[in-house]
Amino acid sequence: MFRIRFIFFSILALLVFSGTASHGGSSIEEIELEAVYKRDIVDYDENEKSLYRERVRVRFSELSSFNFCHQYINNNEGMYTWNLILFDIARNYRFILGNYNANFGTGLLMGKKKYIPPDQFVSSMAVSRSEPFQPENSGNPIYSFNGIAGLWNYPMGSMEISINIFYSTRRRYISMDDYDNGFAGSNLNSINAKIEKDISHPEPVSINDIGFMTGIKYGKYFSIQAYAFQTEIMGTGRENISWDYYSDNTGIGLHRFYGYGCFSQYSDDYSLIFFELGMSRREFRPGENAEELSMDYGFLCGFKFQFPLFFLSMAWKQTGINYYSLYSSGKNYPEKLFEFESSLKLYDPVTAGAVLSSEKRITPGRYDYLLPLIIREGIFFKYGISRKEKAAFYLTKISYENDKGRSLKWQIKGDANKYVVDNFELEFSGLCQWSEYSGYSRNFGGGFFLHFLDNLNIRMKYERLTIINGNTIYSRGKYDPESISDGSVENQTTGKISAMLEFRYKKDHLFVRYLSYLSGKRSYRERIELGGKVVL
């Protein structure tokens, strides 16, 4: 780990020296330095950890830069990401070298992973729309590709043709027995997480991905895409390594995975209509060099209409029973999802609306005897006068159907914000959650936000949580944007105080965030996050 830190600071010193020595004559436009420390639950891990993150960004132009980020967890888990972005190196060409994310269509088969929040009152459908390739600058390389991605655009009158290709190879480690046999019992996500060699996983392998996407844009409104990609694992001798090996059943392993898809979209100032069809293909190797195939489909479609007085949106996802998705932005097992939302402005400034969602697994999980079904129904009212006064009220009902039978949960929540003066805001929130088996849990709180001298922001809030018989509440907060979760699950009765101090000057940024759980007058659990960004 000392070696990585030495490389990081050597590069940083060299860049700073080159930028200052040239005194404006260098092609480097600016250097951005960032450092973060936090003691918190990292992502979904239940154990509290200390995390350090150092990041440097060297901008060559508005569209091109070099990025390096290193993070260090609990003094023994170090990892880093880097990339070189060249988006204006030549006309109509763009390149990314290093760590990046890929997104085709809506993320049905290939998308930046969006982890579903553990808030049971929020629908789990994940739809991602973004550029085909985006740099990964979090310091965590596990869920990103590593290699090269290229984009080429060619305008033809009112049309624009684009071709996007990528190649990625990621060094990971498996056990000696798995390597010798050519079959790994773990799934790809488990293998992908083994970024460091250890006693149990000493053998290096490469997860190799290659793919392309071609698209056509017609005017400002219509676009269509077609894409394909392939994934395989190879040993150091270029031999194939199968994964998902079922030694206790038929003795087959997943030898190679292919994804194919097409996507079309119409979008204007008031409407959005899209459709994506994807096909997954798995090649299994049951023994000697024989191969078996498993193919199935999935589709995701929807629309959105937004007018000054009316809003309507719908999304629908359904897959076949053999559908398999390695890199989707949502879940990778076969499922059927539906989402609906509509709102109407009753009179200015009051809006009322309703939401409905349904999610059902098409195939049972390991411990399921019945296919689980979740239906969410809700209504809401919102009140808002610019940013001076805002209030919202939500009533949501969840119906569960699984092996344990049917059950219901209700949640009522509201929040309000009021600017007393231009720089001082009061905020209040309340939540009551009922379960037919657990009773009522509650969360009420209030706080303030102060904007001082155009540079200093101060926020403080106190909440009182009452948790009854395991009826947990999901609490959202101001979390590190690099975390995959934006909140926490509260499972015990407690007081909770959160505070934030933030200083901004031009492009520089310093902050401290603090969270404390109270029992009586004493704190039994604390979280802290501090960091800053300086632009040279």
Side-chain angles (χ1 to χ4, degrees), residues 87 92-97 99-114 125-136 143-156 159-170 188 192 207-218 221-232 254 256-267 272-283 293-302 315-320 322-332 334:
F87 278 5
N92 303 328
Y93 290 91
R94 292 183 290 173
F95 296 94
I96 297 179
L97 181 66
N99 295 104
Y100 58 89
N101 298 292
N103 191 99
F104 300 157
T106 60
L108 177 66
L109 282 172
M110 176 64 71
K112 179 176 172 57
K113 182 62 70 175
K114 292 186 175 181
M125 185 181 291
V127 178
S128 60
R129 297 187 190 91
S130 62
E131 291 295 317
F133 303 109
Q134 314 92 36
E136 175 59 59
Y143 301 108
S144 65
F145 293 111
N146 179 61
I148 186 169
L151 304 88
W152 173 74
N153 296 320
Y154 184 73
M156 298 178 58
M159 289 197 310
E160 182 179 84
I161 300 175
S162 64
I163 297 177
N164 308 269
I165 60 174
F166 76 95
Y167 173 75
S168 167
T169 180
R170 292 169 284 179
L188 189 74
N192 191 31
I207 302 176
N208 296 330
D209 301 90
I210 187 170
F212 77 93
M213 187 271 287
T214 181
I216 298 176
K217 287 185 178 180
Y218 185 80
Y221 307 119
F222 182 75
S223 62
I224 187 170
Q225 295 178 1
Y227 61 83
F229 61 92
Q230 170 192 309
T231 300
E232 62 183 357
L254 181 50
R256 191 176 287 115
F257 172 74
Y258 299 90
Y260 312 94
C262 60
F263 166 81
S264 61
Q265 174 178 289
Y266 173 84
S267 175
L272 170 69
I273 304 172
F274 65 89
F275 177 84
E276 182 173 6
L277 175 65
M279 181 76 70
S280 66
R281 170 180 167 174
R282 287 178 286 175
E283 289 186 1
L293 299 179
S294 175
M295 300 178 63
D296 218 325
Y297 74 96
F299 72 83
L300 178 58
C301 62
W316 177 26
K317 176 184 177 181
Q318 183 165 340
T319 67
N322 292 316
Y323 173 81
Y324 179 81
S325 177
L326 288 174
Y327 301 126
S328 67
S329 57
K331 298 173 182 175
N332 58 9

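Between I207 and N192 there is a side-chain heavy-atom pair separated by less than 4.5 Å. For the pair Q134 and E136, the minimum side-chain heavy-atom distance is 4.5 Å or more. You'll find the side chain of P334 reaches within 4.5 Å of the side chain of T319, heavy atoms only. The closest side-chain heavy-atom distance from M156 to I161 is below 4.5 Å. Between I165 and M213 there is no side-chain heavy-atom pair separated by less than 4.5 Å. Residues F166 and N164 are not in side-chain contact: their nearest non-hydrogen atoms beyond the backbone lie 4.5 Å or more apart. Annotation: side chain of F222 is not in contact with side chain of I273 (no heavy-atom distance under 4.5 Å).
The distance from the OG atom of S325 to the CZ atom of F257 is 6.0 Å, given to the nearest 0.5 Å. In this structure, I96 CD1 and N101 CG are separated by 9.0 Å, a value rounded to the nearest 0.5 Å. To the nearest 0.5 Å, the span separating CE on M110 from OG on S329 amounts to 11.0 Å. Interatomic distance, S223 OG to K217 NZ, rounded to the nearest 0.5 Å: 6.5 Å. With values rounded to the nearest 0.5 angstrom, Y227 atom OH is found 5.5 Å from L108 atom CG.
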Please table the atom pairs, donor to acceptor, closer than 3.5 Å between any side-chain atom in residues 258-267 and protein atoms at least two apart or in another chain.
residue : atom : partner : partner atom : Å
Y266    : OH   : D268    : OD2          : 2.9

Full working for side-chain contact (heavy atoms from CB on, under 4.5 Å) between E276 and F299: CA-CA 5 Å; E276 182 173 6; F299 72 83; over 6 Å; no

Steps toward side-chain contact (heavy atoms from CB on, under 4.5 Å) verdict (S162, N153): CA-CA 4 Å; S162 64; N153 296 320; 3.1 Å; yes

Intermediate values then yes/no, side-chain contact (heavy atoms from CB on, under 4.5 Å), F274 and L300: CA-CA 8 Å; F274 65 89; L300 178 58; 4.2 Å; yes

CA sep, side-chain torsions, deciding dist, call: F212, F229, ring-ring contact (aromatic ring centres under 6.0 Å, His included): CA-CA 6 Å; F212 77 93; F229 61 92; over 10 Å; no

Full working for side-chain contact (heavy atoms from CB on, under 4.5 Å) between N99 and Y143: CA-CA 10 Å; N99 295 104; Y143 301 108; over 6 Å; no

Residues N146, S168; criterion side-chain hydrogen bond (donor to acceptor under 3.5 Å, both in side chains); working and verdict: CA-CA 5 Å; N146 179 61; S168 167; over 6 Å; no

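More than 12 heavy atoms of other residues, nucleotides or ligands shown are found within 6.0 angstrom of CH2 on W152.
Remark: the E232 side chain and the N208 side chain contain no N/O donor-acceptor pair separated by less than 3.5 Å.
R170 and Y327 get closest at one heavy-atom pair: NH2-OH, 2.9 Å. Residues N103 and G111 share a closest heavy-atom pair of OD1-CA, 3.4 Å. Closest heavy-atom contact between M159 and Y218: CG-CD1, 3.3 Å. Residues F145 and A102 share a closest heavy-atom pair of CE1-CB, 3.8 Å. Here the closest heavy-atom approach between residue S280 and residue N322 is recorded as OG-O, 4.1 Å. Of all non-hydrogen atoms in K317 and K331, the two that sit nearest each other are NZ-O, 3.7 Å.
Ring geometry for F133 against Y100 counts as perpendicular: the plane angle is over 60°, on a 0 to 90° scale with 30° as the lower cut.
For T231, the side chain to side chain donor-acceptor pair (under 3.5 Å) criterion is met by D209, not counting sequence neighbours. Residues passing the salt bridge (Lys or Arg N to Asp or Glu O under 4.0 Å) test with E131 are R94, sequence neighbours excluded.
Geometric assessment of R282 against the ring of Y324 yields a positive cation-pi assignment under the 6.0 Å and 45° thresholds.
The distance between the ring centers of Y93 and F87 does not fall below 6.0 angstrom.
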